[in-house]
Amino acid sequence: MDHFTLRDGVLYAEDVPLSEIAEAVGTPVYVYSRATLERHAQVFRAALSDLKDPLLAFAVKANPNLAVLKVLQKQGYGADVVSAGELTRALAAGMDPQKVVFSGVGKTHDEMLYAMEKGIGQFNLESEEEGYELSLLAQRHGHRVACALRVNPDVDARTHEKISTGKSENKFGVPIDRAAAIYAALSDEPGLEMRGIAVHIGSQLSSLEPLESAFEKLGALIREMREGGLSVTHADLGGGLGVPYKADDVMPSPAEYGAMVARITNDWDVRLAFEPGRLIAGNAGILLTRVIRAKRSSNGPPFVVVDAAMNDLMRPAMYGAWHDFNAVVPTGERMTAHIVGPICETGDTFAMDRETDALGAGDLAVFRTAGAYGATMASSYNSRGFVPEVLVDGDKFAVVADRISPSAIMDAERVPDWLG
Ligand SMILES: *Cc1c(COP(=O)(O)O)cnc(C)c1O
């Protein structure tokens, strides 16, 4: 459920007509709904209410905007970060460092040091090598850091291959059949406090089955590790729950997920952590755009050229992803069209043969479910700027990220003297 609804024929974000935001800020622009973010944060927490004090760590990569992080911080959320930059953002939003977990296969020594000096709650180690390096660094700087070992359970998440992370051929975590031995070796490291295991098998999961089989494997591993005399007090179950991109998409509900987790982890006796990203932010944002013109095609529906492009919202070009596309002021008339951006690449296509509201030059429209993996994946390809972001709260709104102009980006570039 979200708070982008039609009222008197105009699409609103909460109590603000989107046309008012377009007028004030220009297009394209991302618009987030605070009420929707809060609702999702609360629904997910409620779904886990049978568990004892779980850590809820928002996956910052889904939407790293400071204001979004602040909304979630106020909901008691921590952060799952995958870079020093994301950690800086989480801390700037006031998140408790103890509620931060640091994932990622390529943490540099600088990033490790920075994170340990900020006192983060847990490193999720993705390899044995990383564990030894972190231990050395920790000892050298007088720290002992809490760690979980990320396990690759070799299950097929049955999602898009680019966002599947739990198959043995993926780069993430250590093979589950080697996990106990690696954990034992790392437990002897003086710089590390090995306290648990972590798993994250992929994103936009439309079924609970792969998650359930991964968690069952984790449970068996915990039992095996304890029988071997290892201490396990924490387990991080990652994120991955899918969200509906189409009205008729059926996704597992947070409540069903929570019940499954409670059942599987019933006898684990650990503190659980969760890293939801898309579930919290996906339907809490839209990308507001204006039609530049409609262009006839030689042998099919017209091209509706909008002012947003693949550099602003990469998901359709990158994953073939579907985003619902609606007029801000629908007339009731419908059309079939190809929805494209201005970029000089055929990949800059949001939809082919889409049955949509009739739209012409100057009309406003939205791509829905753009709050996760939207603005955060933007680039300046074709020397376009970065799209601004707006947060709506009831009848007020604020620009929470400025538009960055192409010339501001160019200001960071230089022609060396020797080129004349
Ligand atoms: C991306 C990621 C998440 C979040 O995934 P969602 O599908 O957005 O919930 C959680 N944990 C890790 C380690 C990730 O890489």
Side-chain angles (χ1 to χ4, degrees), residues 37 40-41 43-45 47-48 54-64 68-69 72 77-83 85-87 90 99-107 115 120-127 130 147-153 157-167 170-174 196-208 210-211 214-215 218 235-245 249 251-254 257-258 261 272-285 314-315 318-319 321 369-377:
L37 287 166
H40 293 170
V43 164
F44 190 66
R45 183 185 294 287
L48 301 173
L55 171 68
L56 305 182
F58 175 64
V60 172
K61 76 172 192 279
N63 190 325
V68 169
L69 296 183
L72 297 173
Y77 275 59
D80 167 51
V81 302
V82 295
S83 70
E86 287 190 355
L87 174 54
K99 291 186 182 175
V100 174
V101 302
F102 193 169
S103 307
V105 295
K107 303 176 196 81
I120 66 158
Q122 179 173 298
F123 284 83
N124 284 356
L125 302 177
E126 303 247 7
S127 65
E130 180 192 343
C147 294
L149 182 63
R150 180 165 174 186
V151 169
N152 185 322
R158 282 180 264 148
T159 183
H160 192 281
E161 61 171 39
K162 286 187 182 150
I163 48 174
S164 178
T165 57
K167 286 285 286 168
N170 300 142
K171 67 183 176 181
F172 300 98
V174 302
I197 48 181
V199 71
H200 171 74
I201 61 169
S203 195
Q204 185 56 10
L205 273 58
S206 56
S207 155
L208 291 180
L211 287 165
F215 299 165
L218 222 57
D236 181 339
L237 300 185
L241 274 186
V243 302
Y245 281 88
D249 274 350
M251 290 291 151
S253 71
Y257 172 82
V261 168
L272 291 172
F274 298 87
E275 304 168 346
R278 193 186 307 267
L279 183 76
I280 305 293
N283 280 306
M314 181 92 103
R315 298 188 66 262
M318 183 126 139
Y319 310 126
T369 318
Y373 307 104
T376 180
M377 290 174 78

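Every number for a ligand or one of its atoms is a count from 1 in the order of the listing. These numbers come from a predicted model, not from an experiment.
- In this structure, CG on N283 lies 4.0 Å from OG1 on T369, to the nearest 0.5 angstrom.
- Within the 4.0 Å heavy-atom criterion, the part of R150 lying near ligand 1 is the side chain and not the backbone.
- Residue R45 holds its CZ atom at 5.5 Å from OH of Y77, rounded to the nearest 0.5 Å.
- Comment: E130 engages K107 in a salt bridge, judged by a side-chain N to carboxylate O separation of less than 4.0 angstrom.
- R150 places no side-chain N or O within donor-acceptor distance of the main-chain N or O of F172, the cut-off being under 3.5 Å.
- Of all protein heavy atoms, the one closest to atom 11 (N) of ligand 1 is E275 OE1, 2.5 Å.
- Under the 4.0 angstrom criterion for non-hydrogen atoms, F172 is not in contact with ligand 1.
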N124/Q122 under side chain to side chain donor-acceptor pair (under 3.5 Å): CA gap, chis, key distance, verdict
CA-CA 6 Å; N124 284 356; Q122 179 173 298; 2.7 Å; yes
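- Where the criterion is an N or O separation shorter than 3.5 Å, residue side chain and backbone included, G277 meets it with respect to ligand 1.
- Summarising the geometry, atom NZ belonging to K171 is positioned 12.5 Å from atom CG belonging to N152; distances are rounded to the nearest 0.5 Å.
- An N or O contact shorter than 3.5 Å is missing between S103 and ligand 1 by distance.
- In this structure, the side chains of F274 and F44 come closer than 4.5 Å at one or more pairs of heavy atoms.
- For A59, every heavy-atom contact with ligand 1 shorter than 4.0 Å involves the side chain, none the backbone.
- Those atoms of ligand 1 that come under 4.0 Å of a heavy atom in G239, given as number and element, are 9 (O), 10 (C).
- Between G240 and ligand 1, a contact under 3.5 Å exists for at least one N or O pair.
- At least one heavy atom of D80 sits under 4.0 Å from some atom of ligand 1.
- Under a 4.0 Å criterion applied to the non-hydrogen atoms of R278, ligand 1 contributes the atoms 6 (P), 8 (O), 9 (O).
- Note: L205 CG to L211 CG = 5.0 Å, rounded to the nearest 0.5 Å.
- In H200, the part holding a heavy atom less than 4.0 Å from any atom of ligand 1 is the side chain.
- Regarding atom 2 (C) of ligand 1, its nearest protein heavy-atom neighbour is K61 NZ, 2.3 Å.
- Taking every heavy atom of Y373 and a limit of under 4.0 angstrom, the matching atoms of ligand 1 come to 1 (C), 4 (C), 5 (O), 6 (P), 8 (O).
- Ranking the protein heavy atoms by distance from atom 7 (O) of ligand 1 puts S203 OG, 2.4 Å first.
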